[in-house]
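Data block below; observations after.
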Amino acid sequence: MKSIFVNQVGFLPRSQKKAVLNFQCDEFHVLDEKENVVFTGKTESFGQDDISGESTYAADFSGLTEEGIYRIEAEGVKSFSFEIADNVFDKLKHDVCKCFYYLRCGHGLDKKYAGKYFHGPCHLTKATVYGENVEPVDVSGGWHDAGDYGRYSTAGAVAVAHLLYAVRLYRNFINVQLDIPEEKCDKGTLPAILSETKVELDFLMKMQRDDGSVWHKVTTFNHASFIMPEDDKDELFLFNVSSLATADIAAVFALAYLVYKEYDIAYADLLLQKSLKAYQWLEEKPEPLLFKNAEGSNTGEYPEPEDYSNRFWASCALYEATGEKKYYEAAVGLKSKLLDYDLTATDKGYQGNVFTCFGWADVAGLGSLSLLLKNENSDLENYVRKCFSDEADRLLENAKLNGFNLCMKKEDFIWGSNMELLKYMMVLAVADYLNPNDNYKNVITSGLDYILGCNTVNISYVTGSGENAFKNPHLRPTAIDDIAEPWPGLVSGGPNVGLQDEVAMSIPKGTAPMKCYLDRVECYSLNEITIYWNSALAFVIASFYNK
Ligand code: G3I
Ligand code: 9MR
Ligand code: ZN
């Protein structure tokens with residue numbers, strides 16, 4: 001079928017603007033709302049690539065800078081509409097951040113703030129410490145992880161970190177308005193985004209044991225069936241502590257200390273104290289304590305093969321927070337371990353430079369951000385600066401290999417491929433922060449174009465953003481709440497060649513990576529949502545507000 005793929009939200013007036021066609025044409029036109037031709041251009045043929053499986057033709061209309069709502073037309077084929085405006089991403093920014101509120105666990109969602117998506121209190125019972133004969137523990141609160149109702153420490157720490165590093169690097173991001181309860185009652189105390197991250201930080205504090213270690217997760221023994229959160233009454237379990245969770249919590253609390261101390265010194269001090277306690281536990285237990293699901297339990301595992309990147313992040317974050325040399329030295333030691341691992345491991349969960357990784361497992365990139373923010377010209381800081389510029393160069397090269405100017409390769413189309421892309425866009429944003437460069441900006445723009453509809457399934461991967469946005473996330477409440485559309489701002493996991501659920505398996509093997517996607521509620525391996533996919537997009541959008 002002849003199609004024109006375009007970002008269905010739109011473009012900033014001065015940014016690169018392009019659509020991608022899968023057919024040849026003499027000329028393409030940009031039409032305004034009254035169907036007047038406001039721009040005419042010729043396409044550039046790329047040929048076929050191995051991620052889209054299509055012959056592609058790029059239609060560049062960067063020269064159109066006037067604000068308005070438009071479509072692309074060529075040979076009678078029309079694209080979905082898009083906007084050019086200075087505030088084109090304002091709604092997206094709001095929606096993507098508001099999702100954390102909708103995912104809150106505990107006291108329920110109020111109609112006043114959640115509208116028709118309100119629900120009753122959930123998961124307030126105390127959790128049984130799995131395999132131990134001790135008193136059950138109150139770990140209420142925080143955010144549901146995803147389409148399931150689990151709450152996982154490493155995933156939560158990383159999502160909070162994306163948001164807090166965004167606040168630190170891109171100061172304007174702090175002004176995002178969210179219409180959440182705290183924005184009304186704490187006005188003047190905390191900016192809304194920090195009220196929202198505090199919800200998760202408060203929960204993560206409860207996940208820490210008295211000895212400083214941190215439980216890996218709290219979930220029911222098996223995933224709930226498709227029921228509302230308030231109806232999920234199964235026993236909650238706190239599963240084993242891990243050095244992964246303990247290190248991530250040490251890191252994110254140290255980071256949060258630096259952010260919250262401007263607003264609430266008592267809360268910031270508490271965060272630092274708990275961070276130090278977690279770190280002390282890690283010092284006393286230098287061997288990795290990894291995580292495996294308890295026999296028979298099927299909730300998210302978030303397994304990692306080593307804990308070096310987690311310990312590296314913790315050391316860098318505490319170094320930034322305290323200035324104590326011992327943390328810097330620990331980070332230098334962990335740098336060597338990470339390099340050895342990078343050279344020898346066969347089960348690496350990342351492509352590219354390990355010191356620029358921002359995922360739920362590989363978190364050394366977050367440590368690198370703490371070093372960059374320390375900004376004292378140390379050897380390690382200069383080393384990670386170079387890592388960002390090397391990795392950004394690799395990504396610019398990737399973008400030349402397909403017709404979408406997309407910095408992904410076929411290996412990146414795994415479960416949560418949209419996050420693989422968003423992590424790369426974060427790297428490019430950091431590289432651009434360090435050394436502003438239009439090439440970085442253009443590849444970030446192409447990445448956002450892809451997320452918002454410039455892809456071969458012609459779908460925007462953010463609910464409520466774009467004429468043809470996905471509508472059927474694997475998300476328990478929206479699957480059963482009788483409301484036609486999910487709330488806006490959710491990021492889909494996206495195409496995955498692994499086809500790891502039953503309905504995904506209906507996609508023929510060998511289908512082009514970009515097309516391995518279905519907007520089906522059953523497809524947890526293609527169409528789930530999670531907090532750390534939303535937070536990664538929030539970081540990227542924040543980078544656009546760097547004024
Ligand atoms: O590390 C390997 C890499 O070496 C290999 O080349 C590549 C291709 O096969 O796979 C990589 O592993 C992938 C791994 O993520 C690390 O990225 C696995 O295939 C992939 O199955 C795994 O997916 C994770 C999924 O859980 C299953 O474990 C997703 O990243 C992760 O986001 C997702 O998380 C779930 C939680 O468990 C439960 N809550 C919902 C959440 C989102 O779906
Ligand atoms: O709904 C679950 C989703 O959140 C997880 O990412 C996924 C992998 O852990 O598992 C989903 O639950 C499925 C379960 O694993 C197998 N039975 C079907 C469940 C979804 O309907
Ligand atoms: Zn809940």
Side-chain angles (χ1 to χ4, degrees), residues 102-109 119-125 127 139-156 158-159 199 203 216-234 236 291-293 297-306 342 345-351 357-362 409-420 422-423 473-480 490-494 496-504 513 516 520-536:
Y102 287 115
L103 288 168
R104 280 192 199 182
C105 182
H107 294 296
L109 301 185
H119 68 72
C122 59
H123 304 113
L124 286 170
T125 54
V139 287
S140 57
W143 303 317
H144 299 138
D145 182 55
D148 65 319
Y149 296 131
R151 285 166 293 148
Y152 307 85
S153 299
T154 53
V158 167
V199 167
F203 155 70
H216 196 75
K217 64 173 179 179
V218 56
T219 70
T220 49
F221 198 72
N222 285 309
H223 282 306
S225 55
F226 272 33
I227 50 178
M228 288 299 282
E230 60 269 42
D231 298 327
D232 180 19
K233 306 257 193 228
D234 279 3
L236 290 171
F291 186 80
K292 273 206 87 52
N293 264 351
S297 166
N298 80 349
T299 54
E301 192 167 45
Y302 289 113
E304 297 180 41
E306 40 71 31
D342 191 62
T346 51
D347 57 350
K348 285 188 293 186
Y350 59 89
Q351 316 277 333
C357 287
F358 294 131
W360 56 257
D362 296 290
K409 292 173 92 167
K410 61 177 190 314
E411 304 76 74
D412 297 316
F413 287 83
I414 56 176
W415 189 322
S417 64
N418 282 340
M419 193 204 191
E420 298 306 302
L422 289 165
K423 287 188 293 188
H474 182 87
L475 171 58
R476 280 165 173 70
T478 59
I480 53 158
L490 293 160
V491 178
S492 166
N496 169 14
V497 295
L499 309 176
Q500 285 157 287
D501 62 70
E502 239 170 75
V503 173
C516 289
R520 292 273 300 265
V521 66
E522 304 91 330
C523 292
Y524 50 85
S525 76
L526 307 177
N527 212 29
E528 193 162 358
I529 61 97
T530 87
I531 50 176
Y532 48 87
W533 299 337
N534 263 73
S535 58

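For ligands, and for the atoms within them, numbers begin at 1 and follow the listed sequence. Residues: numbered from 1 along the sequence shown.
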Take His223 and Asn298, measure what side-chain hydrogen bond (donor to acceptor under 3.5 Å, both in side chains) needs, and give me the verdict at the end.
CA-CA 7 Å; His223 282 306; Asn298 80 349; 4.5 Å; no
Are Trp360 and Tyr302 close enough, and set up right, to give a side-chain contact (heavy atoms from CB on, under 4.5 Å), and what steps lead you there?
CA-CA 8 Å; Trp360 56 257; Tyr302 289 113; 3.4 Å; yes
Test log, rule side-chain contact (heavy atoms from CB on, under 4.5 Å), inputs Gln500 and Trp415:
CA-CA 8 Å; Gln500 285 157 287; Trp415 189 322; 3.7 Å; yes
Kindly determine whether Asp412 and Lys423 satisfy side-chain contact (heavy atoms from CB on, under 4.5 Å), including the steps that lead there.
CA-CA 11 Å; Asp412 297 316; Lys423 287 188 293 188; over 6 Å; no
Val521 and Phe226: side-chain contact (heavy atoms from CB on, under 4.5 Å), yes or no, with the steps?
CA-CA 11 Å; Val521 66; Phe226 272 33; 4.0 Å; yes
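Residue Lys348 has at least one N or O atom closer than 3.5 Å to an N or O atom of ligand 1. Some N or O of Glu528 is nearer than 3.5 Å to an N or O of ligand 1, by distance alone. At least one N/O-N/O distance between Trp360 and ligand 1 falls below 3.5 Å. Of the N or O atoms in Tyr152, none lie within a sub-3.5 Å distance of an N or O in ligand 1.
Of the candidates Leu475, Ile414, Ile529, Asp501, Ile414 brings a heavy atom nearest to atom 17 (O) of ligand 1.
Between the Arg151 side chain and the Val139 main chain, a donor and an acceptor come within less than 3.5 Å of each other. With hydrogens and angles ignored, the 3.5 Å screen pairs a side-chain donor or acceptor of Asn534 with a backbone N or O of Val491. Judged by distance alone, the side chain of Arg476 and the main-chain N or O of Gly147 form a donor-acceptor pair under 3.5 Å. Remark: the backbone N or O of Ala504 is not paired with any side-chain donor or acceptor of Arg520 at under 3.5 angstrom. A donor-acceptor pair is defined here as one N or O able to donate and one able to accept, closer than 3.5 Å; such a pair exists between the side chain of Tyr152 and the backbone of Gly300. Judged by distance alone, with hydrogens and angles left aside, the side-chain atoms of Asn496 form a donor-acceptor pair with the main-chain N or O of Ser525 at under 3.5 Å. With Ser297 contributing its side chain and Phe221 its backbone, the two residues share a donor-acceptor pair below 3.5 Å.
Counting only heavy atoms from C-beta outward, the side chains of Pro477 and His144 never approach each other to under 4.5 Å. At a threshold of 4.5 Å between non-hydrogen side-chain atoms, the residues Thr219 and His123 do not count as touching. Residues His474 and Asp501 are not in side-chain contact: their nearest non-hydrogen atoms beyond the backbone lie 4.5 Å or more apart.
Distance remark: protein heavy atom not present below 4.0 angstrom from atom 28 (O) of ligand 1. Distance check on atom 11 (C) of ligand 1: every protein heavy atom falls at or beyond the 4.0 Å cut-off. Within a 4.0 Å radius of atom 6 (O) of ligand 1, the protein contributes no heavy atom. Counting only heavy atoms, the protein gets under 4.0 Å from atom 3 (C) of ligand 1.
Looking only at heavy atoms of the protein, atom 21 (O) of ligand 2 is closest to Phe226 CE1, 3.8 Å. The protein heavy-atom contact nearest to atom 5 (C) of ligand 2 is Glu528 OE1, 3.5 Å. Looking only at heavy atoms of the protein, atom 37 (O) of ligand 1 is closest to Gly300 CA, 3.3 Å. Ranking the protein heavy atoms by distance from atom 22 (C) of ligand 1 puts Trp415 CB, 4.3 Å first. Protein heavy atom at the shortest distance from atom 19 (O) of ligand 1 is Gln500 NE2, 4.0 Å. The nearest protein atom to atom 14 (C) of ligand 2, hydrogens excluded, is given as Asn298 ND2, 3.9 Å; this is a heavy-atom distance. The closest protein non-hydrogen atom to atom 1 (O) of ligand 2 is His474 NE2, 2.6 Å. Among all protein heavy atoms, the one lying closest to atom 7 (C) of ligand 2 is Tyr524 CD1, 3.5 Å. Among all non-hydrogen protein atoms, the one lying nearest atom 9 (O) of ligand 2 is His223 NE2, 3.1 Å.
Residue Asp145 approaches ligand 1 through these ligand atoms, each under 4.0 Å from one of its heavy atoms: 38 (C), 39 (N), 40 (C), 41 (C). Those atoms of ligand 1 with a heavy atom of Ala146 less than 4.0 angstrom away are 39 (N), 40 (C). Interface of Tyr532 with ligand 1, defined as ligand atoms under 4.0 Å from a residue heavy atom, comprises 31 (C), 32 (O), 33 (C), 34 (O), 41 (C), 42 (C). Near Thr530, with a cut-off below 4.0 Å to any heavy atom, the atoms of ligand 1 are 41 (C), 42 (C). Those atoms of ligand 1 that come under 4.0 Å of a heavy atom in Gly349, given as number and element, are 1 (O). Using a 4.0 Å cut-off to heavy atoms of Tyr302, the atoms of ligand 1 that qualify are 34 (O), 35 (C), 36 (C), 39 (N), 41 (C). Close approach to Trp533 involves these atoms of ligand 1, each under 4.0 Å from a residue heavy atom: 32 (O), 42 (C), 43 (O).
Centred on the Zn ion (ligand 3), the angle running from His144 (NE2) to Cys122 (SG) is recorded as 110°, rounding to 10°.
Paired with Lys217 under the rule side-chain hydrogen bond (donor to acceptor under 3.5 Å, both in side chains), one option of Thr299, Asp145, Thr154 passes, and it is Thr299.
Note on His123: its N/O/S atom closest to the Zn ion (ligand 3) is ND1.
Ligand 2 does not have Glu522 within reach: every non-hydrogen atom of the residue lies 4.0 Å or more from it.
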